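Remarks on the structure that follows.
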Amino acid sequence: MAVGMSSPRPAHTTAPRAAEEKPDRSAAGPDDLGTGLGQDDLGTRLDPDDLPDGLVVADESGHVVCFNAAAARITATSRADAIGRPLETALPLEDLKGKRWWALTDPYGGLATRNGQPERNLLLPGGREVLVSARYVRERPTGPVRRVVVSLRGTEARRRTERSHAELIATVAHELRSPLTSVKGFTATLLAKWERFTDDQKRLMLETVDADAGRVTRLIAELLDISRIDSGRLELRRQPVDISAAVARHIQALITGGQAPDRFRVRARGPLPDLWADPDKVDQVLGNLLENAVRHGEGTVTIEIAPAPAPGADDEMGTAVTVSDEGPGIPEESMGRVFTRFWRGSKRGGTGLGLYIVKGIVEAHGGTITVDRGSGGGAEFRFILPVSMPAYLV
């Protein structure tokens, strides 16, 4: 009897050949399962072992008829030990409270209106965690279950995401604690002893409070940017951007902040193509790269602006900006992690989120960014933005 059917049905013409070629899978062949893994319109045969997730299929009697390679890897159970056994025996799952999952869900004898179970975290023997979802296949609504299809996934990817979120929370808590403690301390002191301080002392305290409040504001802005980048909701308001003027503004701001004018060298090769980009986001990218070069690098900071082939376009030109310094540079083994969250090039502070945001902004514009060792030995960051155009012209 064909699995999942109430009566025999004609097999595909390729089924006999498949049975001869893979006799150990004859009971679990894709054609027999009727799960959509048979021949497609091109006659290409799809194998359950080609699936990236674990696949377990039980027939109308509750016995396993398909157990692919991913399922064997995830459960540490061989295909031979699983095929033909009752589902609850081949796949003994428990919930996080130690209760047997199949007894709780009762796919064959439960409510006839149910069509499956959403993905949840369950335990295999030995306490190994696995993500499980199930589909109950019925020939008609409220009819008997003819097939139970179970999907298995490892929890490694989710654990990595959870660790990343935990690191983000810990970083935010650490970065917020210091300025907020300062703000709280100075404001409490001023309120309690206002008359005891001179005007100069009051001004110094208020300037410190203002600086710490700005630090908190910047951190919150970074967190919002990360949220938008991760969810693909980073909005761009494209306008004509003069990239050379933007670089000049940032250099002047750094000089006003105390940097020596001769520390910066700008090389502009033109003519540059017209650039449509979000000016605020471009300023954010330039500000981060220049501040990193000044804070973590040494010697002269060189900014080169030049036309370059646009990413992904053979006949279109874009604008390339290269920022390099003459410091110790980035170790070769660390270059692959520069644009990841929490990477820090030195112990000189910072959240380690700036370059992750920079990469997200550049890629949202359709551009690319790379890091390398500069000719002066320091770090060299280079990003290319395509010409693009405003949204109303797209």
Side-chain angles (χ1 to χ4, degrees), residues 1-72 74-75 77 79-95 99-120 122 124 130-153:
M1 177 181 294
V3 173
M5 303 294 290
S6 58
S7 60
R9 60 178 173 86
H12 289 294
T13 55
T14 57
R17 289 199 302 272
E20 293 173 3
E21 294 171 2
K22 297 182 179 181
D24 59 320
R25 300 185 188 178
S26 59
D31 288 338
D32 293 333
L33 293 176
T35 58
L37 296 178
Q39 286 185 328
D40 60 18
D41 294 338
L42 300 177
T44 303
R45 195 176 166 81
L46 301 179
D47 194 317
D49 287 346
D50 295 334
L51 296 175
D53 294 337
L55 175 67
V56 180
V57 181
D59 62 12
E60 57 190 3
S61 67
H63 290 79
V64 174
V65 295
C66 177
F67 202 83
N68 73 348
I74 293 171
T75 63
T77 301
R79 190 198 314 267
D81 289 338
I83 294 294
R85 298 178 67 188
L87 183 58
E88 63 271 17
T89 304
L91 198 60
L93 295 169
E94 294 181 352
D95 64 14
K99 297 180 180 179
R100 295 170 58 192
W101 193 58
W102 296 115
L104 290 174
T105 58
D106 192 13
Y108 293 95
L111 293 175
T113 55
R114 292 186 306 172
N115 58 12
Q117 294 289 335
E119 185 176 74
R120 64 188 62 196
L122 298 175
L124 290 165
V130 62
L131 298 172
V132 181
S133 58
R135 175 72 182 274
Y136 306 156
V137 181
R138 306 174 189 270
E139 287 185 344
R140 64 182 186 278
T142 71
V145 173
R146 297 301 185 186
R147 214 166 34 247
V148 174
V149 182
V150 182
S151 173
L152 305 175
R153 292 196 301 130

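This one's a predicted model, so the numbers in the text were calculated from it and none came from an experiment. Any value given below was found using the heavy atoms of this structure, including those in side chains, with hydrogens, waters and symmetry copies removed.
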**Message:** As a quick check of understanding, evaluate side chain to side chain contact (heavy atoms under 4.5 Å, CB included) for Leu51 and Asp53, giving each step before the final call.
**Reply:** CA-CA 6 Å; Leu51 296 175; Asp53 294 337; 5.6 Å; no
Does [X] have any side chain to side chain contact (heavy atoms under 4.5 Å, CB included) partners at least two apart in sequence or in another chain, and if so, which?
X	value
Asp95	Lys97, Lys99, Leu104, Leu122
Ile74	Val130, Leu152
Val137	Arg135, Arg147, Val149
Ala70	Asn68, Arg73

Taking all heavy atoms of [X] and all of [Y], pick out the closest pair and write down the distance.
X	Y	value
Thr77	Ala82	CG2-CB, 4.4 Å
Ala71	Val56	CB-CG2, 3.9 Å
Gly62	Tyr108	CA-OH, 3.3 Å

So do [Y] and [X] actually touch side chain to side chain, heavy atoms under 4.5 Å?
X	Y	value
Arg146	Tyr136	no
Val148	Pro107	yes
Leu55	Ser151	no

**Item:** Residues forming a side-chain hydrogen bond (donor to acceptor under 3.5 Å, both in side chains) with Arg114, sequence neighbours excluded
**Value:** none
**Request:** Using the test side-chain hydrogen bond (donor to acceptor under 3.5 Å, both in side chains), find all partners of Ser61 that sit at least two apart in sequence or belong to another chain.
**Result:** Asp59, His63
**Heavy-atom donor-acceptor pair, Arg79 side chain to Phe67 backbone, under 3.5 Å** = yes
**Fill in**
Between the OG1 atom in Thr105 and the CZ atom in Arg120, the distance rounded to the nearest 0.5 Å is 8.0 Å
Which pairs would a plain distance check flag for residues 83-94, meaning a side-chain donor or acceptor within less than 3.5 Å of a matching protein atom at least two apart in sequence or in another chain?
from, atom 1, to, atom 2, distance (Å)
Arg85, NH1, Asp81, O, 3.2

